[in-house]
Structures are given as structure tokens and as C-alpha cells.
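Heads up: numbering here begins at 1 and tracks the sequence. Heavy atoms only: backbone and side chains are in, while hydrogens, waters and symmetry mates are out.
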Amino acid sequence: MPTNKPAFGMLEGFRVVMTGLSVAAPFAAELYAEHGADVIWVENPRAVDTSRVARRSGAWQQDRRNMRSLALDYVHGEGREVFLRLIETTDVLIEASVGGRFARIGLSDAVLWERNPRLVVAHISGFGQTGEEAWVRRASYDPIAQAFGCAMRMNGMPGQPSTPAMPFPADYTAAFFAFGMANAALLSRERTGKGESLDIAQFEAMLRIQANYPTDYLRYGLDYVKEGDRSRICAVYGTYRCGDGEEVYVLALGAGVLARLLPVLGLEPGSALFPQGAGYVPVGTPAAGALERAFTGFIEARTAAQVEDELAAAGVPVSRLLDYAAAREHPHYRARGVFTEWTAADGVTTVPGVKVVPEVANRPGRIWRGAPTVGQDNDDLLAELGVPDATRDALYAAGGLSRLPYAETTA
């Protein structure tokens with residue numbers, strides 16, 4: 001285990017190795033790191049991960065904290081054997097690349113299991129490890145998975161070009177699938193003694209989280225109709241601009257909600273327009289017109305904060321659309337300590353960001369270390385694996401290992 005790593009969390013004692021760029025694999029590994037596992041990020045020694053430089057390095061600082069960095073060429077030469085030694089000590093390998101890459105570079109599941117039969121392997125790719133070969137080998141990023149997974153066409157305003165949902169739902173959904181199913185595989189391993197391989201295709205992850213829409217089409221031929229900022233089915237369900245120009249999102253959905261909302265707007269529950277027990281007011285009906293007019297008058301006379309306070313007090317689901325500045329000062333954010341800070345790898349710089357979530361009562365996660373510099377832990381990890389110093393030095397000389405000092409993009 002890494003020097004000075006405190007014992008904490010529900011995943012203490014597990015080792016996770018991650019190879020991957022951008023978001024999906026790193027975030028899956030980060031969930032392990034924040035809950036006590038020893039997470040080793042195997043980086044390309046010859047090309048810096050774009051997360052370290054994109055948008056002032058925020059992704060690296062937020063989603064690589066608690067990890068150790070091994071900047072190793074694990075495909076060629078001595079680095080390959082070092083990687084396989086590491087695999088012998090590993091519980092979960094999380095890799096993200098074009099489908100089938102690990103098999104093509106000679107690191108198939110079978111090869112990995114020869115060295116560690118109990119290894120759990122999570123493969124994350126845009127299109128999966130199997131299927132039409134031309135698609136398996138396609139490069140992908142989050143928006144590509146949204147497009148191929150039938151999701152992007154749902155987003156944007158009706159009649160306007162479709163837009164990707166933000167921020168990166170295909171990446172994060174795939175990460176959550178990888179984390180959850182890898183943990184399920186660890187539980188299964190306790191019974192069977194055998195590892196497992198997970199094929200997580202980002203486009204399938206996006207398709208799987210579309211609720212009733214795929215089934216409605218496959219069963220009844222009912223396709224999704226782009227809604228934009230308002231529901232096409234339910235009145236007073238969507239984004240509304242208030243008297244101060246700020247926005248709220250509100251849902252007049254459910255018999256109880258509707259019965260509580262109507263009196264606030266000066267309308268009568270149980271009337272001919274709004275019969276008792278109605279779960280919502282259908283768009284396009286006279287009742288919808290009356291409800292929308294009353295709601296428009298209500299919000300135009302109030303600030304977003306007033307609208308939120310009054311509707312929330314009445315038991316109506318509503319929220320202002322917060323930005324980071326408002327969230328930072330919000331009393332509920334403050335009460336839960338949502339924003340926190342930690343010390344960067346240079347031991348000096350303070351990095352602000354989001355706390356470990358979710359809250360865990362008995363064995364909580366924590367941030368014990370800032371995101372590592374490139375190859376920061378090379379020497380420690382190779383020593384732990386029993387790699388001779390001569391081999392280590394030869395790897396450095398050949399470019400199979402690298403180490404870079406702390407650096408952070410500031411513009």
C-alpha cells in the first residue's frame with residue numbers, strides 16, 4: 001500500500017489499476033479512490049493526459065485525487081512485464097480504449113487471468129468489445145455515444161439542431177456502470193474464486209437510461225418528440241423566467257402537488273377545470289391554458305427566490321437554476337459541506353472542489369491526497385513490486401518510464 005495512506009472507507013484493502021484518458025475510466029477509478037482503495041493510474045509516459053491541461057486542469061485535480069501515478073509504457077519491452085507484475089497484485093483493472101484494443105496488444109482477458117485468475121476487468125469503450133468489427137474499432141467520445149445511443153436527438157429546442165447533454169452523461173454513466181458492476185464482480189469472486197470481465201459500451205449505457213422511450217417505440221411505434229424546456233404533456237412542467245429575470249424549474253405533477261399548487265395561484269381544486277384527484281393538467285386543454293396564465297401572472301410578480309420559497313412551502317417541486325456562485329453561498333450547500341478543498345501534489349497549492357459523495361455513515365470516504373503529478377509514484381510502486389533498480393533505470397533511459405514536476409495550467 002502507498003506510504004502514509006490512511007486506512008479508511010468501505011473499499012480499504014482493494015487495489016485498482018486504471019488506464020484511460022478523459023472522464024469515464026478515471027471517474028470509475030476515482031470512486032474507488034475516494035472510498036479507500038489503493039488506485040494506481042497507469043499513464044502514457046510520452047504523452048500527457050489532456051485532463052491535466054484542459055480547462056485549467058480542473059478535471060485532473062477533481063477526478064484523480066487520492067490516486068498514485070505510474071507513468072509506464074505497459075505495451076512494450078520491460079514495461080509490459082512490470083505491468084503484469086502489477087496485475088498480479090490487483091483486484092480491479094479499469095481500462096478505456098477502442099473496443100478490442102487490450103486483446104490486440106496481447107493483454108486479453110485470458111492473458112491477464114493467467115497472471116491473476118481473480119482479476120476483475122472493466123472494459124469501457126464507445127461501441128463495445130464485440131459486434132460489427134468496423135463499429136467495435138471506432139473511436140468515440142461522450143457526444144458520439146450520445147448520438148449513436150439515440151439520446152442526443154432528445155436534447156435541444158424543438159425545430160432546432162440537437163445538442164449533446166452536458167456535462168458528459170455518457171462518460172459518467174459508463175463510469176457508474178463500471179464501478180457498480182465491478183463491485184458486483186468482487187462479491188461474486190468471493191463465492192467462485194474467479195475474476196470477471198465487463199464489456200461496458202457507452203452507447204448502450206446511454207440507451208439503457210432512457211426509461212420508457214425505447215420500449216414505447218419497440219412495442220407501440222411511439223417515438224420520442226423533442227420537448228425543449230417545457231413538457232409537451234403536462235402543463236406547468238418546465239423552465240420559467242420570473243420577474244427578476246432568473247429562472248426556476250417546476251413540476252405540477254401528481255394529484256397532491258396539483259391540489260396544493262392551485263390555491264397558491266388562486267385556482268380551485270375540485271372544479272370542472274381541475275377535477276379532484278387529477279394527476280396533472282394535459283397540455284392543449286382549456287384547463288392547461290388557465291393554469292399557465294395563472295402561473296405566468298404569479299411568477300412575473302415575484303423574484304425567482306420568492307417563487308421558489310412560496311411553492312416549496314406549499315409542497316410543490318421547484319428549484320431556482322443555480323450557478324456555481326449561488327451554490328457556493330447557498331445555506332444548504334454550506335450545511336452539507338458540498339464544496340471543500342485539499343492540498344495539491346506540490347504540497348502548497350490549495351484546490352477547491354466537490355466533496356466525496358455520497359455520505360457514508362460508518363466507514364466514510366475522504367480526500368487524503370491531491371491528484372498526483374506524472375509518474376510521481378513510479379519508484380515507490382516499482383520497489384513494491386520488487387522490480388530491480390537496474391530495470392527501473394533502463395526504463396527511464398528508454399522512455400518507458402517518465403516523471404514530470406508539478407505543473408498546472410493557469411490560462
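Classification of Arg403 and Asp379 as a salt-bridged pair holds, one side-chain N sitting under 4.0 Å from a carboxylate O. The pair Glu132-Arg137 does not count as a salt bridge, with every side-chain nitrogen at least 4.0 angstrom from each carboxylate oxygen. Salt-bridge formation is not detected for the pair Arg363/Glu12: no Lys NZ or Arg NE/NH1/NH2 atom is positioned less than 4.0 Å from an Asp or Glu carboxylate oxygen. Salt-bridge check for Asp377 with Arg369: passed, with a basic side-chain N closer than 4.0 Å to an acidic carboxylate O.
Sorted by first and then second residue, the salt bridge (Lys or Arg N to Asp or Glu O under 4.0 Å) pairs involving residues 86-107 (not counting sequence neighbours) are Glu88-Arg115, Asp91-Arg189. The stretch residues 343-357 participates, sequence neighbours left out, in these salt bridge (Lys or Arg N to Asp or Glu O under 4.0 Å) pairs: Lys355-Glu359. Residue pairs meeting the salt bridge (Lys or Arg N to Asp or Glu O under 4.0 Å) criterion with at least one member in residues 144-158, sequence neighbours excluded, are Arg153-Asp223.
Val236 is not listed as a side-chain neighbour of Tyr280, based on a closest heavy-atom distance of 4.5 Å or more. Contact of the Thr89 side chain with the Ile87 side chain is not registered, since no non-hydrogen atoms from C-beta on lie closer than 4.5 Å. Looking at heavy atoms from C-beta onward, Phe83 lies in side-chain contact with Leu107 at the 4.5 angstrom threshold. Glu300 is not listed as a side-chain neighbour of Cys242, based on a closest heavy-atom distance of 4.5 Å or more.
Between Tyr240 and Phe295, the ring center distance clears the sub-6.0 Å criterion.
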Task: Verdict with supporting geometry, Glu329 and Arg334, salt bridge (charged side-chain N to carboxylate O under 4.0 Å, His left out) - done: CA-CA 7 Å; Glu329 303 304 323; Arg334 286 182 171 273; 3.0 Å; yes
TODO: Test Lys5 against Asp38 for salt bridge (charged side-chain N to carboxylate O under 4.0 Å, His left out), laying out the working first.
DONE: CA-CA 8 Å; Lys5 178 188 176 296; Asp38 175 24; over 6 Å; no
- [ ] Take Glu308 and Arg302 through the salt bridge (charged side-chain N to carboxylate O under 4.0 Å, His left out) test and state the conclusion after the steps.
- [x] CA-CA 10 Å; Glu308 181 183 52; Arg302 292 165 172 81; over 6 Å; no
TODO: For Ser197 and Asp109, run side-chain hydrogen bond (donor to acceptor under 3.5 Å, both in side chains): C-alpha distance rounded to whole Å, both residues' side-chain angles, the deciding distance at 0.1 Å, then the answer.
DONE: CA-CA 7 Å; Ser197 180; Asp109 293 341; 2.6 Å; yes
Task: Verdict with reasoning, Asn183 to Tyr32, per side-chain hydrogen bond (donor to acceptor under 3.5 Å, both in side chains) - done: CA-CA 10 Å; Asn183 283 328; Tyr32 278 97; 3.0 Å; yes
Task: side-chain hydrogen bond (donor to acceptor under 3.5 Å, both in side chains) assessment of Gln202 paired with Asp142 - done: CA-CA 8 Å; Gln202 287 181 294; Asp142 178 284; 5.4 Å; no
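Side chain of Asp49 to backbone of Arg52: no donor-acceptor contact under 3.5 angstrom is found. Of the possible donor and acceptor atoms, one in the side chain of Arg46 sits under 3.5 Å from a partner among the backbone N and O of Gly399. For Ser188 (side chain) and Ala184 (main-chain N/O), no donor-acceptor pair under 3.5 Å exists by modelled atom type. For Trp41 (side chain) and Val17 (main-chain N/O), no donor-acceptor pair under 3.5 Å exists by modelled atom type. Of the possible donor and acceptor atoms, none in the side chain of Gln129 sits under 3.5 Å from a partner among the backbone N and O of His123. Gln306 contributes a side-chain N or O that, together with a main-chain N or O of Thr303, makes up a donor-acceptor pair within less than 3.5 Å. Remark: side-chain polar atoms of Asn66 are paired, donor with acceptor, to backbone N or O of Trp368 under 3.5 angstrom. Without hydrogens or angle criteria, Asn116 side chain to Leu112 main chain gives no donor-acceptor distance under 3.5 Å. Listed for the Arg320 side chain is no donor-acceptor partner under 3.5 Å among the backbone atoms of Val307. With Ser108 contributing its side chain and Ala103 its backbone, the two residues share no donor-acceptor pair below 3.5 Å.
Within 6.0 Å of NZ in Lys194 there are 12 or fewer heavy atoms belonging to other residues, nucleotides or ligands. Within 6.0 Å of the OH atom in Tyr237, the count of heavy atoms belonging to other residues, nucleotides or ligands does not exceed 12. More than 12 heavy atoms of other residues, nucleotides or ligands lie within 6.0 Å of CZ in Phe179, so this atom counts as buried by the packing criterion. The environment of Phe8 atom CZ is dense: over 12 non-hydrogen atoms of other residues, nucleotides or ligands sit within 6.0 angstrom. No more than 12 heavy atoms of other residues, nucleotides or ligands shown are found within 6.0 angstrom of CE on Met181.
In this structure, Arg65 CZ and Thr343 OG1 are separated by 12.5 Å, a value rounded to the nearest 0.5 Å. Between the CD atom of Gln376 and the OG atom of Ser69 there is a distance of 7.5 Å, given to the nearest 0.5 Å. Atom CD of residue Glu341 and atom OG1 of residue Thr350 lie 5.5 Å apart, to the nearest 0.5 angstrom. In this structure, the separation between CG on Leu198 and CD1 on Ile124 is 9.5 Å, given to the nearest 0.5 Å. How far CG of Leu395 is from CG of Leu401: 4.5 Å, rounded to the nearest 0.5 Å.
Using bins of under 30°, 30° to 60° and over 60° for the plane-to-plane angle, the ring pair Phe203/Phe127 lands in the tilted bin. Between Phe176 and Phe27, the ring planes lie perpendicular to each other; the angle is over 60°, past the 30° to 60° tilted range.
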List the atom pairs, donor and acceptor, that lie under 3.5 Å between side-chain atoms in residues 245-257 and the rest of the protein, sequence neighbours left out.
residue: Glu247; atom: OE2; partner: Arg241; partner atom: NH2; Å: 3.4

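Side-chain atoms of Arg15 and Thr90 form no donor-acceptor pair, as typed in the model, at a separation below 3.5 Å.
Here Ser140 pairs with nothing under the side chain to side chain donor-acceptor pair (under 3.5 Å) rule; sequence neighbours left out. Glu190 is linked by a salt bridge (charged side-chain N to carboxylate O under 4.0 Å, His left out) to Arg118, counting only residues two or more places apart in sequence or in another chain.
Cation-pi geometry between Arg64 and Trp60 is not met: the NZ or CZ atom fails to fall both under 6.0 Å from the ring centre and inside 45° of the normal.
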